[in-house]
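In this chain, numbering begins with 1 at the start of the sequence shown.
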Amino acid sequence: MEETEEKTIELEEGMECVQKGLNKLKIIIEGEPESFTSDEYVMLYTTIYNMCTQKAPHDYSQQLYDKYKEAVEDYILTIVLPSLNKKHDEFLLKELEKRWASHKLMVKWLLKFFRYLDKFFIKRAEVPALNEVGLSCFRDLVYHDVKGRVTDAVIALIDQEREGEKIDRVLLKNVIDLYIDMGKGRMDYYVNDFEEAMLRDSACHYSRKASTWIVEDSCPEYMLKAEECLQKEKDRVSHYLHSSTETKLLEKMQNQVLITYTNQLLEKEDSGCRTLLKDEKVEDLTRMYSLFHKFPKGIELVAEIFKQHVAAEGMVVVQQAADAANNKTESSGGSHEQDFVKKAFELHDKYMVYVKGCFADNSIFHKALKEAFEVFCNKSVAGSSTAELLASYCDNTLKKGGSEQLSDDVIEDTLEKVVKLVTYISDKDVFAEFYRKKLSRRLLFDKSANEEHERLILSKLKQQCGGQFTSKMEGMVTDLSLVKDNQTHFQEYISNNPATNPGIDMTVTVLTTGFWPSYKSCDLSLPVEMAKGVESFKEFYQKKTKHRKLTWIFSLGQCNLNGKFEQKTIELILGTYQAAALLLFNASDKWSYSDIKTELNLADDDLVRVLASVSCAKYKILNKEPSGRTVSSTDHFEFNSQFTDKMRRIRVPLPPVDDRKKMVEEVGKDRRYAIDACLVRIMKAKKVLTHQQLILECVEQLSKMFKPDVKAIK
């Protein structure tokens, strides 16, 4: 058989065939209604294949590689660049979009024809791939030539859109993507040739806009425009800019529109932050926070204005309470104090809604609210401190027959608010002292409406102010809870020892000295009926406990006596001092002041109050000579057998004693002890400290309970 040799394709012949194919490809790319037939395609592919696979010296791979690059460059120089140079602005962008698409199509076709070359020659010769060569040609010959004009045209279109004109966003997206394509996914060309210029232009655009808005618009109008622009810039990024641009673009816009005019905008007269707070413009305040919350300068100014506004409203409440106290009438009584606390609650509730809603629960605004309340909650309100008023308000809420009948949920909510206000007052020790005094009266005179509520507020105070703050109060509640068991054991003791029975019903409340407020004790000469009961309890208690001493506080006692008057017998509910005084009239119908004093061994101030309560007040159980509204040491008293009342059971109150001054003095005394203890505690821990450091440390530790006086520390 004969062997058939394949004919060697010479360079000139082969290149002529390749050139013919390339010419036809140009015509197709330019949109002529032609296409390659299958024979033409196979012929061109085979020719290139054979020229690459022929043995040397007829292997024309390098010449074909050069021909590929030459074809691409020729197409760019003869067709692409001339067409681009004729166009400007948006027409330039459209032409570039078209030419880039045509270029990619051409390279795609060429890769099909030169596939063998791309697959084998590239690796062997270690030269750039054909696709890369095509991109490099376009970048070097087209992109670098037109990029400046293209960037200007793109920015001009973006500015047109910012002014409200409709633009071709798809065109913009395709042209902007070209910057990224030129870097093969790297962002260098996008950033250096487009983004930087676009950001500079954006800054200038918004600088011009903001300078006009700040003069012409109110604060809410300005913020609406700023918010709208922010949203539109985000929209632009999502439609045709790269996502990495968003942060930079918004920063430029916010710098020009918000940061530059922060103070001017927020403090605008008649429409700034103060006015929005005053007019309760919740939506505008929410927008303000949304716009400024990322800028420390802006958000701190909003918080400061918020703080000043709340503090000013608080001072109005303080002034209203002072005015009400000065102008109080019979109908209003002492309700101005209750009104102050209620208004403080309402103020706190109102602005806590702002903090949690408008200001997104931001800690800066919690701090601002706290500092605002600290301003007016530490002012004197109609001569009383807020600490006293809160203690009184609690007392009114927790005692039986308080001013309002509230449900458990409402009481719990009220106590929560009280505790919150307590955290704002600097003299927490004053609150503690007044609260303890009022708690003692509720517990000792059975005026507490609900033990659970008493324990609830103590647990809340403990949570906020620490265990030391409530330890004494908790001890008081515990003491009262043990009274019932103690009384049961006392009754059992009397039953087992009939000789000790005093002949009267007697209940003794044993209190732990350290827990309760200090009370004045006196050696009251008790009537026989009472004295026996006291002795019986002493015997019982000594047998029950060891090394414990009982001190009797008769001023806190309560007695029920039957008063046998001519018209009817009336049960009298009295204090121990009052009962002891009235029981003297069983022995004689008439007594002088001096005799009563000698018999009872009472101090003048106590005796005057006792005798005034039963002879000068509402219930005149004794007749006084001479008659009058005050008691003197020369007066004589006689049992009023004609006394009567429509009730069969009456409570005879003692004239109130204003012990506020005494309580304030006790607080002052306790503070001196606290300062001493704190100084010792610090020096034991630190061993050596400078004078200044010691004072600062002491102030820091004590300020949790009260604002210490530096002079006292020194």
Output all residues satisfying ring pair (Phe, Tyr, Trp, His ring centres under 6.0 Å) with H144, sequence neighbours left out; order by chain, then residue number.
none
Closer than 3.5 angstrom, by distance alone: can the side chain of N85 be matched with the main-chain N or O of L81 as a donor-acceptor pair?
yes
Paired with L276, the side-chain contact (heavy atoms from CB on, under 4.5 Å) test is passed by just one of E283, K268, M288, namely M288
Evaluate the criterion salt bridge (Lys or Arg N to Asp or Glu O under 4.0 Å) for residue pair E163 and K209; output intermediate values, then yes/no.
CA-CA 11 Å; E163 294 297 340; K209 289 287 181 189; 3.3 Å; yes
In short, T423 meets K428 closest at the heavy-atom pair O-NZ, 3.4 Å
Looking at R186 and D188, is there a salt bridge between them, counting it only when a charged N and a carboxylate O are closer than 4.0 Å?
yes
Stepwise salt bridge (Lys or Arg N to Asp or Glu O under 4.0 Å) check, K356 with D361:
CA-CA 4 Å; K356 291 187 174 180; D361 222 7; 5.4 Å; no
Give a yes or no answer on whether the side chain of S207 reaches the backbone of A203 with a donor-acceptor pair at less than 3.5 Å.
no
Minimum heavy-atom distance S243-V237, with the two atoms named:
CA-CG1, 3.9 Å
Lys/Arg N to Asp/Glu carboxylate O, D235 vs R169, below 4.0 Å
yes
Between K278 and H309, is any pair of side-chain heavy atoms under 4.5 Å apart?
yes
Hey, can you pull the donor-acceptor pairs under 3.5 Å for the side chains in residues 87-95, sequence neighbours left out?
| unit_1 | atom_1 | unit_2 | atom_2 | d |
| --- | --- | --- | --- | --- |
| E95 | OE2 | S83 | OG | 3.3 |
| E95 | OE2 | R99 | NE | 3.0 |

Would a distance-only check, ignoring hydrogens and angles, find a side-chain to backbone donor-acceptor pair under 3.5 Å from T260 to V257?
no
Could you give the distance from CG (L285) to SG (C273), rounded to the nearest 0.5 Å?
6.0 Å
Side chains of Q308 and R274: closer than 4.5 Å at any heavy-atom pair?
yes
Starting from the C-alpha separation in whole Å, work towards a yes-or-no answer on side-chain contact (heavy atoms from CB on, under 4.5 Å) for L369 and H348.
CA-CA 8 Å; L369 185 66; H348 194 270; 4.0 Å; yes
Once the angle between the rings of F292 and F295 is folded into 0 to 90°, is it parallel (under 30°), tilted (30 to 60°) or perpendicular (over 60°)?
perpendicular
Do D349 and K417 have side chains that get closer than 4.5 Å, going by heavy atoms?
yes
Decide, yes or no, whether a salt bridge links K234 with E246 under the criterion of side-chain N to carboxylate O below 4.0 Å.
no
Any chance you could lay out the side-chain contact (heavy atoms from CB on, under 4.5 Å) test for M315 and K379, step after step, and finish with the verdict?
CA-CA 9 Å; M315 290 307 295; K379 298 287 183 188; 3.8 Å; yes
side-chain contact (heavy atoms from CB on, under 4.5 Å) between D181 and W100, worked out:
CA-CA 10 Å; D181 292 340; W100 175 234; 3.4 Å; yes
Interatomic distance, OG@S102 vs NZ@K98, rounded to 0.5 Å, equals 6.5 Å
Carboxylate-amine/guanidinium contact E346 K342, below 4.0 Å:
no
Is the shortest distance from a Lys or Arg side-chain nitrogen in K225 or E221 to a carboxylate oxygen in the other one below 4.0 Å?
no
Does a side-chain N-to-carboxylate-O contact under 4.0 Å join E70 and K67?
yes
Do the ring centers of Y179 and Y189 come within less than 6.0 Å of each other?
no
Does the pair K420 and E416 meet the rule for a salt bridge (Lys or Arg N to Asp or Glu O under 4.0 Å), with working shown?
CA-CA 6 Å; K420 193 66 188 173; E416 185 73 55; over 6 Å; no
Relative to each other, are the rings of F376 and F373 parallel, tilted or perpendicular (30° and 60° limits)?
tilted
For a quick test of reading the model, state the closest non-hydrogen atom pair linking S426 to N378 and the distance between them.
N-OD1, 2.7 Å
Taking atom CG of N174 and atom CD of E97, what is their separation to the nearest 0.5 Å?
4.5 Å
Would you indicate whether the side-chain heavy atoms of L230 and L291 approach each other to under 4.5 Å?
yes
Take R162 and D159 through the salt bridge (Lys or Arg N to Asp or Glu O under 4.0 Å) test and state the conclusion after the steps.
CA-CA 5 Å; R162 283 177 177 146; D159 282 342; 3.4 Å; yes
Carboxylate-amine/guanidinium proximity below 4.0 Å for R287 and D284
yes
Contact between V310 and E371 at the side-chain level, heavy atoms closer than 4.5 Å - yes or no?
no
Any donor-acceptor pair under 3.5 Å from H293 side chain to Y289 backbone:
yes
Quick one: pull up CD1 in I155 and CD in Q160 and give me the separation to the nearest 0.5 Å.
12.5 Å
Between T414 and F345, is there a side-chain heavy-atom distance shorter than 4.5 Å?
yes
Determine the interplanar angle of the F359 and F365 rings, folded into 0 to 90°, and report it as parallel if under 30°, tilted if 30 to 60°, perpendicular if over 60°.
parallel
For Q463, does the CD atom have more than 12 heavy-atom neighbours from other residues, nucleotides or ligands under 6.0 Å away?
no
Ignoring hydrogens, what is the shortest heavy-atom contact between C229 and W213? Give both atom names and the distance.
SG-CH2, 3.5 Å
Does atom NZ (K69) have a neighbourhood of more than 12 heavy atoms from anything else shown, all under 6.0 Å?
no
More than 12 foreign heavy atoms under 6.0 Å from NZ of K350: is that the case here?
yes
Between S271 (side chain only) and C219 (backbone N and O only), is there a donor and an acceptor less than 3.5 Å apart?
yes
Residue pair V154 / V175, side-chain heavy-atom distance below 4.5 Å:
yes
Residue pair Y190 / T245, side-chain donor-acceptor N/O under 3.5 Å:
yes
In chain order, what residues pass the ring pair (Phe, Tyr, Trp, His ring centres under 6.0 Å) check against Y354, with sequence neighbours excluded?
Y351
Do V355 and N362 come close enough that some side-chain heavy atom pair is under 4.5 Å?
no
Measure across T212 and R208 and return the closest heavy-atom pair with its distance rounded to 0.1 Å.
OG1-O, 3.2 Å
Is K297 atom NZ crowded by more than 12 heavy atoms from other residues, nucleotides or ligands, each under 6.0 Å away?
yes
For K147, the option from D140, D152, D193 that meets salt bridge (charged side-chain N to carboxylate O under 4.0 Å, His left out)
D193
What I want to find out is whether R139 reaches E132 closely enough, with some N-O distance under 4.0 Å, to be called a salt bridge.
no
Under 3.5 Å donor-acceptor, H103 side chain and G134 backbone:
yes
Just how far is it from atom CG of L258 to atom CD of Q256, taken to the nearest 0.5 Å?
10.5 Å
Can you give me the closest heavy-atom contact between A210 and Y222, atom names plus distance?
CB-OH, 3.5 Å
Kindly say whether A197 contributes a backbone atom to a donor-acceptor pair with the side chain of D201 at under 3.5 angstrom?
no
Is the backbone of K281 close enough, under 3.5 Å, to the side chain of D279 for a donor and an acceptor to pair up by distance?
no
